[in-house]
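In each ligand, atom 1 is the first atom listed, and ligand 1 is the first ligand listed.
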Amino acid sequence: MNKIKKFFRSNQSLKKKWTISTAIVIFISYAAICTVIYLALYSWLIQTEENNAMRTADDLSTFFNSQDNSISIQEFQRNTSLTKAIVNQNQTVRVFNFDGYEVLRINDVNSAVPLEAGYDQLDKTIVSKEVVDKTDVFVVNKLVTIGHFTGMLQLIHPLTTFQSMMQYILTTMLIAGLGAIILAGSIGYYLANVLIKPLQDLRDSMVSVQKKGFEGKINFSYNADDEIGDLLKLYVSMMEDLETSFAKQQQFVSDASHELRTPIQAIEGHLSLIKRWGKNDAEVLEESLNTSLEEVQRMKKMIEELLDLARKQERDEHALANISNVLFSVKNELEMIYSNALIKIVENGNSRELHITENALSQILRNIMENGIRYNDKTPPEIHIDVHYLTESVFITVKDNGIGISKEHLPHIFDRFYRVDASRENIGGGTGLGLSITKMLTEKYNIQMDVASTPGNGTVFTLKFTNL
Ligand code: ADP
């Protein structure tokens, strides 16, 4: 048992362990079955041989007993054709008188076997297994009466046919056994290859990720829906998650280091200005402090937005948001900040809930509505929101009367840090990240978002919710 444990824990490859153990298990089962069959056949066949020998001896003795009293042994010696019809040509029959003198012989395949039992025991048939002339034989001794003569009949039944049959069976079993081991080994090797190949691929992929990092999509040729298939799918999905997180982390680091450099430099410039001139010049001091504060606020907003984009929050399947509530709370919030803005909400149909968190829905709507106010040169800036509650979907359109977006910029407004013209916004503080966050959220919650815009006239964002 310990040796088996040791073998399975050894450093041999899994393929080798699998092949060897399959071959050994199949061989042991085969050997056990063969041994049982061999022993059963042996005892059945040897019993048949013994019965044959007994039956011949009985037939012969009945034949002799049935003869006329006048018949003599010499007549049988002269004419053996009748007795030979009863006796098999491999068998030897001898008849002895009580002095042990041979008076009749049919065939002469084996020498006589001295009778060990006393004549007084011969009232019943004695059968024994002996070795005569180096051959295994059954010897049947029994009393016989031929006419007036009474003597002892000895039949020697050689077991050569039985032995060659057993030899034949053994050889066949050994050859078949050898074939079975080779077949079991090959099947074991093939199975080991088929089942261990995906594990080897998994190991190779892990080694490659460890050495070179994530490089494109991981693919495995093994697609079965079993434990190994599940393991591979789990690995692929874990790797994809890790890759996304890793990419987001890298993106965050590079975005933050690139985008925060300018505001920090601006603040640094203003602080040196204050240090050099501002202490005595109230106007410079006021202006520089104001600009620095604005830059700090922009930096704060940018960091928050970058963190929003970097965080990979799982979609909350059970969340429910009431559209009407969210719309009116965003409206109130914006009207507080942009007191001159005019926001109108029209709802068509019965208000309903969507499978999205209130937070995510208000972030999407706030970004779009706030842009409509900020990128607007009209007084007052107006935002018209239309909600259509349909049976299978809900449409929200957000229309502004702002400056609009020209055709060449429109495809890029969802890109990170993309800003059409920073100097034209109504109120400062843009980071170019708002619509990227909106897009990320709409993709996460399967919301279809379209945008149409006419420069000078305004922009319309349409959101289609089907995940009801
Ligand atoms: P930002 O922080 O600069 O507003 P966004 O990602 O929200 O970043 O928007 C990207 C750019 O798209 C903005 O800089 C602006 O030029 C343009 N934009 C977005 N919404 C509107 C709109 N309603 N009207 C005009 N221009 C818009």
(request) Would you mind reporting whether Ile385 and Lys331 have side-chain heavy atoms less than 4.5 Å apart? (result) no
(request) For the pair Phe162 and Tyr42, name the ring-plane relationship: parallel under 30°, tilted 30 to 60°, perpendicular over 60°. (result) perpendicular
(message) Would Leu435 count as a polar contact of ligand 1, with the cut-off being nitrogen or oxygen pairs under 3.5 Å?
(response) yes
(request) Considering the heavy atoms of Ile405, write down every atom of ligand 1 situated less than 4.0 Å from one of them. (result) 18 (N), 21 (C), 25 (C), 26 (N), 27 (C)
(message) Less than 4.0 Å is my threshold; does some heavy atom of Gly402 fall inside it relative to ligand 1?
(response) no
(message) Check contact between Asn367 and ligand 1, using heavy atoms of the residue and a distance below 4.0 angstrom.
(response) no
(request) Heavy-atom contacts with Tyr418 under 4.0 Å: which atoms of ligand 1 show up? List them by number with element. (result) 10 (C), 11 (C), 14 (O)
(request) Using a strict 4.0 Å cut-off to heavy atoms of Thr431, name the atoms of ligand 1 that fall inside it. (result) 1 (P), 2 (O), 3 (O)
(message) My understanding is that we take every heavy atom of each candidate and find the minimum distance to atom 22 (C) of ligand 1. Doing that for Thr459, Ile413, Leu410, which one comes out nearest?
(response) Thr459
(message) Polar contacts were defined as any N/O atom of the residue lying under 3.5 Å from an N/O atom of the ligand; does this apply to Gly432 and ligand 1?
(response) yes
(request) Heavy-atom distances under 4.0 Å are what count here, so tell me which part of Thr438 touches ligand 1: side chain, backbone, both or neither. (result) neither
(request) State the NE2-OG1 distance between His388 and Thr397, to the nearest 0.5 angstrom. (result) 5.5 Å
(message) When you measure from the heavy atoms of Arg374 to every atom of ligand 1, does any distance fall below 4.0 Å?
(response) yes
(message) Just so I know, are the side chains of Tyr445 and Leu354 near enough to count as touching, which here means a heavy-atom distance under 4.5 Å?
(response) no
(request) Please could you name the atoms of ligand 1 that Val420 approaches to less than 4.0 Å, counting only its heavy atoms? (result) 14 (O), 16 (O), 17 (C)
(request) Report, in ascending order of atom number, the atoms of ligand 1 lying under 4.0 Å from any heavy atom of Gly434. (result) 5 (P), 6 (O), 7 (O), 8 (O)
(request) Verify whether one side chain among Tyr375 and Thr459 offers a donor that lies under 3.5 Å from an acceptor in the other. (result) no
(request) Give a yes-or-no answer on whether the side chains of Asp136 and Gln163 include a donor-acceptor pair shorter than 3.5 Å. (result) yes
(request) Could you tell me whether a side-chain N or O of Ser362 sits under 3.5 Å from a main-chain N or O of Asn359, the two making a donor and an acceptor? (result) yes
(request) Please determine if Lys233 and Asp225 form a salt bridge, counting it only when a charged side-chain N lies under 4.0 Å from a carboxylate O. (result) yes
